[in-house]
Amino acid sequence: MVDKLFIILSVVTLVSAALVVVNKNAVNAAMFFMLSLVGTAGLFVLLNAYLLAFVLILVYAGAVVSLFLFIIMLLDTRPEAQKSFKKMTVAASLLGGLLLFTGVLSLMTHFVPATAGAKGHVLPPVGASLKGYAEQLFTTYLLPVQVVGFLLLIAMLGVIVLSKRFENKEAAS
Amino acid sequence: MATVTVSRKPLSLSERAYLPQILAGMRITLKHLFSPNVTLSYPEQRPAIPPGYRGVPTLVMDPHGREKCVSCQLCEFVCPPKAIRITPGAVPADQPDRAHVEKAPAAFDIDMLRCIYCGLCQEVCPEEAIFLQNQFSMSGYSRDEMVNHKDRLYELGGTLPDQHFKWDKKKAAEEHGNQH
Amino acid sequence: MIALWSNLHPALQMLLKGLAVILVIFPIAGASSLAERKVSAWIQGRPGPNRAIPIWFAWVPVIGPMLQKLGVFHLMSDGVKMLFKEDALPGHVNKPYFILAPILAMIPAFTTVTVVPFGAYLDAAGRTIPLMLANVDVGILAVFAVGSLGVYSLIIAGWASNSKYPFLGGVRASAQLISYELSMTLSVLPVFLWVNAPGTAGSLSLARVVEFQSQPGFWGGTWFIFLMPVSAFVFLVSLYAETNRQPFDMAECDADLVGGFHTEYGAFKWSLFFVAEYSHMVVGSAVFTLLFLGGWNPLPWVPLSDVAVWLHLADAPILLGLLSIAIFLGKVLCSIFVFMWVRWTIPRFRYDQVMKLGWQRLLPLAIANLIVYALIIAWLQPKN
Ligand code: SF4
Ligand code: SF4
């Protein structure tokens, strides 16, 4: 049962993720993105990580993708209004793909599933308990959380700088 | 500049805070929730029609039950949307006491799809034969049904008191010499 | 009867529960739509719909005319009309999405109900067992998560209609719903901070909040609306915004957007939106009742278990369950009435006012409220 569900959900997730990239229509792409997120959430549920699943839906499907849709609708992107890629973009995406590939490869070859009693650290049983998550986030994983938070802060600053027109002092004087 | 700047009082704190105002509004609506209805259940309850109301134009008879209209066609001419159609005719032979009235309408149609209830017909009629009365609700399934024919017009109009009895005086004058 | 129930196959149980949800939500939504018409009429000094009556029913003395006066049959004829009206599909729309949108509207409306507890009974050991369809630990989070998907139906409907008014409605809906979701989530956090006192097993379950409000003693029995009025207020206002009710119905806005996102819809598809809106209202009111109004406890400081003892119902779980459901539904209906009352009192906000209220008033208020309660809870916490 769980296996079948796993296969169905992963196929849905992967196919819709692929369709996000391929789709010419931006709204279709956004909808498939949401589908893929729902699939991922389903996978989390299979892992008994209900909290993660619902947070994923709440944050990504509930807010982020609907913001995407909002922007798409505001900009009114038409399929034909596409530019060919810059060389830089191609190079960057190639590099990114390569990194991802090596990452997955190294995971596949070097990752040892942590089992109880095995050496190294044992994954804490965070499963369904909210408290487990909270404690892990604020103890073991405090640094990553802070780093990610910082990253988001930088992104937010960037958006403010880009979108707000600051008075150009030199041009004015 | 013909612009008048109206000075507004700055909002007080409670007004800016919204909530007290909203609560006050809700108190008012709650009061209305329990207060009696202000509407009428129309077909069963009819509104009181004030005097001088201009409803559907109708033809009236004098207190002796005689037709007043003499088919002068003034109303037909004055009617702005041309709602009135009159076919003039002679006074029917079975009314010998009115024989001195030369004419009477053979047909009198008011198309209520055209009428704009302006009341000009009532204003212009020298015989006080046409009145806009209380009737206000007209309905029908076809255009034809919305045309009031003569009998219908009399049925709607009924009898109204008359001050002059113009044609009685006329007859008397004819018979006993002109006393005017 | 309970034994019979638990002997059923789990899948069958699930199916029956799901059916029960639909059977409960649809009539409540329908009744709310009728109540809406009646309440609006009474507030405006009118009698409201009071004409329709089937001929054979008019012969029933007393009850017949009474139901007619209440407009019950208008509800039925409305439903029949919605079902049998021609369901026109405009030529200029994006068909798949146009059809998808009303269906999407129903999904969150029905899914959220499953995690909302609606009653309780006492088991043999005298513990209060909540009645709910799916007892998931993440309760409130599930409601928020699935409820937040409701915005898609509005956006998709607006976009797929491919005309100006629905489009504007969709854009407004997406911006508004996201804005108010933030304040809503932040406003319930203090409640859960309070409930999940240190040392207890953490839970986001709604049933647990009610359990907390039915403890003995002064502090235990206090409903959260007294303990955290600001939270309750922020939650309520965001709830109005989230359910697209006046004064926040930016997405529909009959006055300036004709009908907003559902301008192009008619007949059955339109009625799905309609039912979805009312189901959102029902679920929202239910959550509000659970969080702030003590759930199925009849009065503040009077938990259900006490009532059970007074009425000697402690060992009649079915009766007690029905009683608790009745109490809970009563509260939910009152809250729905307040929804309507507000709607027919307050004029609609302008769009920029909605945004300003959301981001510049409600959100800071919610954050400040959260911080204050976090500090209070930290201060109250037993030192060790
Ligand atoms: S009321 Fe005016 S419009 Fe109507 S019949 Fe008389 S003159 Fe014509
Ligand atoms: S109703 Fe009056 S104005 Fe019209 S034709 Fe008759 S007498 Fe003349």
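Letters A, B, ... mirror the listed sequences (proteins, then strands); counts begin at 1. Below, each value reflects all heavy atoms present in this structure, side chains not excepted, and no hydrogens, waters or symmetry copies.
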- prompt: Just wondering, do C/Asn244 and C/Leu177 contact through their side chains at under 4.5 Å, heavy atoms?
  reply: yes

field: C/Glu264 and C/Ser163: CA distance, side-chain angles, deciding distance, side chain to side chain donor-acceptor pair (under 3.5 Å) verdict
entry: CA-CA 8 Å; C/Glu264 304 285 346; C/Ser163 73; 2.7 Å; yes

query: Non-hydrogen atoms of chain A under 4.5 Å away: do they reach the side chain of C/Ile178, the backbone, both or neither?
result: side chain

- line: Honestly, the part of C/Val171 sitting under 4.5 Å from a heavy atom of chain A is both

task: Taking all heavy atoms of C/Tyr97 and all of C/Ile156, pick out the closest pair and write down the distance.
output: O-CG2, 3.5 Å

- prompt: Quick one: side-chain hydrogen bond (donor to acceptor under 3.5 Å, both in side chains) partners of C/Ser279, sequence neighbours excluded?
  reply: none

query: Heavy-atom distance under 4.5 Å to chain A: side chain of C/Phe144, backbone, both or neither?
result: both

- request: Among the options A/Leu67, A/Val55, A/Leu56, A/Val65, pick out the one with the most heavy-atom pairs lying under 4.5 Å from chain C.
  value: A/Val65

